[in-house]
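Single-structure report; data block below.
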Protein chains: 2
Amino acid sequence: MQLHKRDVVEAATTLLDSFGIADLTMRRLARELDVSPGALYWHFANKQQLLGAVADRILESVADADGPWRVRIGRLCTGLRDALLSHTDGAELVSASFAAGQSQRMTELLGHLTDAAVDAGVPVGQAELAARTVVYYVLGFTVDEQSRLQWDAAGAELPDEQSALTDDATARFRFGVEVLLNGMSVAEREPMLD
Amino acid sequence: MQLHKRDVVEAATTLLDSFGIADLTMRRLARELDVSPGALYWHFANKQQLLGAVADRILESVADADGPWRVRIGRLCTGLRDALLSHTDGAELVSASFAAGQSQRMTELLGHLTDAAVDAGVPVGQAELAARTVVYYVLGFTVDEQSRLQWDAAGAELPDEQSALTDDATARFRFGVEVLLNGMSVAEREPMLD
DNA sequence: ACCTGAACACCGTTCAAGT
DNA sequence: ACCTGAACACCGTTCAAGT
């Protein structure tokens, strides 16, 4: 029967989780779906666009909610990190899709962070930059974290040790978020040197 | 005559500047050097390692100097961004090499930023994270900036408009750096919410 | 409208064999 | 020690032709 966009994205996500981003190729995906490679190009203009759709699927669970700006940004960051960590190479894939401007959900998320930055007192002209700074941090941190995590997973694995490392990473992650929150809250104080 | 590592890196940089990262392939590089593709693998274990060497060459000009921690971090950030912008796809290449842990110079740079973070009063246990946060920002910002810059360069180009955009980007860049500096300087104040 | 088959123009990497 | 030649096992994308 007919191939639909969501079937393709579904199969791509499964492939990603099972074998990682290096094996998420158009040809391999087509094989998994029992279609010819060319069939995918009826539904997606190119690979970047398909990866963008996968990124959006990964980010489905990341929800916004209102509340004080610090709490709001904190939750968005945690939600984003959690979503990235729940798929093999999720951080790398979303990071690439964001840089390529192919993830609508990342654009939405950026919008929410921008609103929160305005609430924090960041001048509107710089609020999006403050939001981008937060996104750069979360993506950078999580790409790094996930690559170590997946590298370690190939070695010995005491489940205690695993979760201890994860908890430590969570605390470290939170600390970085605090640095950004504090920076935003004093965005107009402190004169520039140099 | 004999092929040396530095000849390979030199040719790779030229290729990068002329045609961008997508055309910086092992085969194309070998062709440019009039050797067979296999020859490159005598000098470099794989493509990642070669790109790491190119990244280090791009970062050659980024110098550290002592001074107050704010000034020091500010200069390192500016030096890094300038170096990235002076080669086609420089930000993307260095960003990938940093994530892959293949750039010694990025590791050095991280060390200097960590020292400065300690001077700022960040607890030593978190100083490297603060430094990484700065690096994530500079790389994220510049990858974004450079992709827009190179995209625009394909369109109409009044030289005035170009430099006006660059100046605006520089001011925006500085603002983001200030946010991080301010965040670091209050790293131990402000209670956590949530 | 949706897909196949086949081609085009490539990749990174390995490795026996040569000098 | 350093490099060639040739192979292995792939890629993303296009497009006439089919249904």
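All figures in this text were calculated on a predicted structure; none of them were measured in a lab. In the text below, chain A, chain B and the rest are named by the order of the sequence lines, each starting its count at 1.
- In the hydrophobic clustering of this structure, Leu129(A) groups with Leu80(B); members are Ile, Leu, Val, Met, Phe, Trp, Tyr whose side-chain heavy atoms approach within less than 4.5 Å, directly or through other members.
- Both Arg27(A) and Asp34(A) lie close to DNA chain C; mapped to their nearest nucleotides by heavy-atom distance, the more 5′-ward contact belongs to Asp34(A).
- Nearer the 5' end of DNA chain D, as judged by each residue's closest nucleotide, is the contact made by His43(B), out of Arg31(A) and His43(B).
- The existence of a salt bridge linking Asp144(B) and Arg132(A) is confirmed by a sub-4.0 Å separation between a basic side-chain nitrogen and an acidic carboxylate oxygen.
- With DNA chain C read from its 5' end, the first of the two nearest nucleotides for Ser36(A) and Pro37(B) is the one closest to Ser36(A).
- Between Phe173(B) and Tyr137(B), the ring-plane angle classifies as parallel under the 30° and 60° cut-offs.
- With hydrophobic clusters built from ILVMFWY side chains whose heavy atoms lie under 4.5 angstrom apart, Met106(A) shares a cluster with Leu110(A).
- Heavy-atom nearest nucleotides on DNA chain D were determined for Gly38(A) and for Thr25(A), and the one closer to the 5' end corresponds to Thr25(A).
- Taking the C1' atoms as reference points, dC8(D) lies 15 Å from dC10(C), given to the whole Å.
- Using a 4.0 Å cut-off between charged nitrogen and carboxylate oxygen, Arg172(B) and Glu145(B) do not count as a salt-bridge pair.
- For DNA chain D, each stem of at least three Watson-Crick or G-U pairs (distances under 3.5 Å) is given as range with range: C:4-8 with D:12-16, C:12-16 with D:4-8.
- Going from atom CG of Asp23(B) over to atom CG of Leu16(B) covers 10.0 Å, rounded to the nearest 0.5 Å.
- Taking the 5' to 3' direction, DNA chain C first and last meets chain A under 4.0 angstrom from a heavy atom at dA1(C) to dA7(C).
- Heavy atoms of other residues, nucleotides or ligands lying less than 6.0 angstrom from CD of Glu108(B) number more than 12.
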Could you pull out every donor-acceptor pair under 3.5 Å between side chains of residues 32-45 of chain B and any protein atom, sequence neighbours left out?
residue: Ser36(B); atom: OG; partner: Gly38(B); partner atom: N; Å: 3.4
residue: His43(B); atom: NE2; partner: Leu3(B); partner atom: O; Å: 3.4

